[in-house]
Amino acid sequence: LPGLHVLAIAFALEVSVGKTNTVMALNDSNVLLPCVFTTCIGFQDLVFTWYFNSTELIYHGKIKNKATEPTLVSRNPRVEFVGSTTKKDNNISIVLNNVEFSDAGKYTCHVKNPKEKNAQHNATIFLTVVHKMVETDNTVTLIIVGVVGGLIGLLILFMLIKRVVLFIIKKTQDGKKECLVSSSGNDNTENGLAGSKAEQKAPPKA
């Protein structure tokens, strides 16, 4: 039914890792793996997990509701949670410390929301680990080289997080617009617009 389809769009859980799903890091540096989620109806007892190459669980967290920050269930010792879910965005980003060449691969951010009938969604980042940065993108070069530099690295890491957050806020606002459009479409269905079409088709052929 058209009404059910619109309803599904209105309640859809979405997980995003930002504009690009590839990250490059210097060997022995710290790297941010960004991830945010959006949902039109909110969340309750939400569970999020990060996986390395689809099978190895490196971070597992739970969030009771929008008023609380995530609680740690389990994690790899080199992984730190750097997000926040009590602010405007639902940021569940992590930082992987002391990156090694063996850390290169696929990282999946997975979210499950019981409030949406256990709706699940995920997004993937591909990490490449290198000996030195190639001057292909000055922004990325500055961020990665800076992270190795200790305190300066931390400052740049926070700047990067801020950039991710600003992008996320924009993404969340766009998502909310979609939710409003979807909801109004659903209201039309409830008001009988789709129903009247169904009634016209109702009589079976003799």
Chi angles and distances behind the side chain to side chain contact (heavy atoms under 4.5 Å, CB included) call for L46, K112:
CA-CA 6 Å; L46 181 139; K112 180 179 178 181; over 6 Å; no
Does the gap between the ring centers of F101 and H131 come in under 6.0 Å?
yes
Indicate yes or no for a side-chain donor-acceptor contact from H60 to the backbone of V73 under 3.5 Å, with no hydrogens or angles considered.
no
For V23 and F126, run side chain to side chain contact (heavy atoms under 4.5 Å, CB included): C-alpha distance rounded to whole Å, both residues' side-chain angles, the deciding distance at 0.1 Å, then the answer.
CA-CA 6 Å; V23 175; F126 293 91; over 6 Å; no
Determine, step by step, whether F81 and F48 satisfy the ring pair (Phe, Tyr, Trp, His ring centres under 6.0 Å) criterion, reporting the C-alpha distance in whole Å, the side-chain angles of both residues, the deciding distance to 0.1 Å, and the verdict.
CA-CA 12 Å; F81 180 79; F48 69 95; 5.7 Å; yes
Check the side chains of E80 and N97 for a donor-acceptor pair under 3.5 angstrom, ignoring hydrogens and angles.
yes
Separation of N21 CG from I125 CD1 (nearest 0.5 Å):
8.0 Å
Check: C109 main-chain N/O paired with T124 side-chain donor or acceptor under 3.5 Å
no
Minimum heavy-atom distance between V129 and D103, given as atom pair plus value
CG2-C, 4.5 Å
Can a side-chain donor-acceptor contact be found between K132 and N27 if the only test is distance below 3.5 angstrom?
no
Using the ring of each side chain (for Trp, its six-membered ring), is F37 parallel, tilted or perpendicular to F43, with breaks at 30° and 60°?
perpendicular
Quick check: do E69 and T85 have side-chain heavy atoms less than 4.5 Å from each other?
yes
Does any part of the side chain of I94, heavy atoms only, come nearer than 4.5 Å to the side chain of V79, both counted from C-beta?
yes
Please find the pair of heavy atoms, one from L96 and one from Y107, that lie closest to each other, and give the distance.
CD2-OH, 3.4 Å
Identify the heavy atoms of P34 and S93 that sit nearest to each other, and give their distance.
CA-OG, 3.3 Å
Before giving the answer on side chain to side chain contact (heavy atoms under 4.5 Å, CB included), spell out for T71 and I63 the whole-Å C-alpha distance, their side-chain angles and the decisive distance to 0.1 Å.
CA-CA 6 Å; T71 55; I63 316 165; over 6 Å; no
Aromatic rings H110 and Y51: how do their planes relate, parallel, tilted or perpendicular, breaks at 30° and 60°?
perpendicular
Can you name the nearest heavy-atom pair linking V82 to V95, along with the distance?
CG1-CG2, 3.6 Å
The reported gap from CG in D45 to NZ in K115 (rounded to nearest 0.5 angstrom) is 10.5 Å
So, taking the atom named OG in S16 and the one named CG in N90, what distance separates them when rounded to the nearest 0.5 Å?
12.0 Å
Report yes or no: do L72 and I58 belong to one cluster of Ile/Leu/Val/Met/Phe/Trp/Tyr joined by side chain heavy-atom distances under 4.5 Å?
yes
Gap separating the CG atom of N91 from the SG atom of C35, nearest 0.5 angstrom
8.0 Å
Here the pair of heavy atoms bringing L26 nearest to V99 is O-CB, 4.1 Å
Between Q44 and N113 the two heavy atoms that sit nearest each other are N-OD1, 3.5 Å
Any luck finding a side-chain donor-acceptor pair between E14 and T39 under 3.5 Å?
no
Might you work through the side chain to side chain contact (heavy atoms under 4.5 Å, CB included) test for E56 and N76, ending with a clear yes or no?
CA-CA 10 Å; E56 184 185 340; N76 180 297; 4.2 Å; yes
Taking N98's backbone N and O only, do any of them form a donor-acceptor pair with R78's side chain (distance below 3.5 Å, no angle check)?
yes
Determine whether a donor-acceptor pair (N or O, by modelled atom type, separation under 3.5 Å) exists between the side chain of W50 and the backbone of R75.
no
Side-chain H-bond candidate by donor/acceptor type, T86 with K66, under 3.5 Å:
no
Same cluster or not: are V47 and L13 linked, directly or through other Ile, Leu, Val, Met, Phe, Trp or Tyr residues, by side-chain heavy atoms under 4.5 angstrom apart?
no
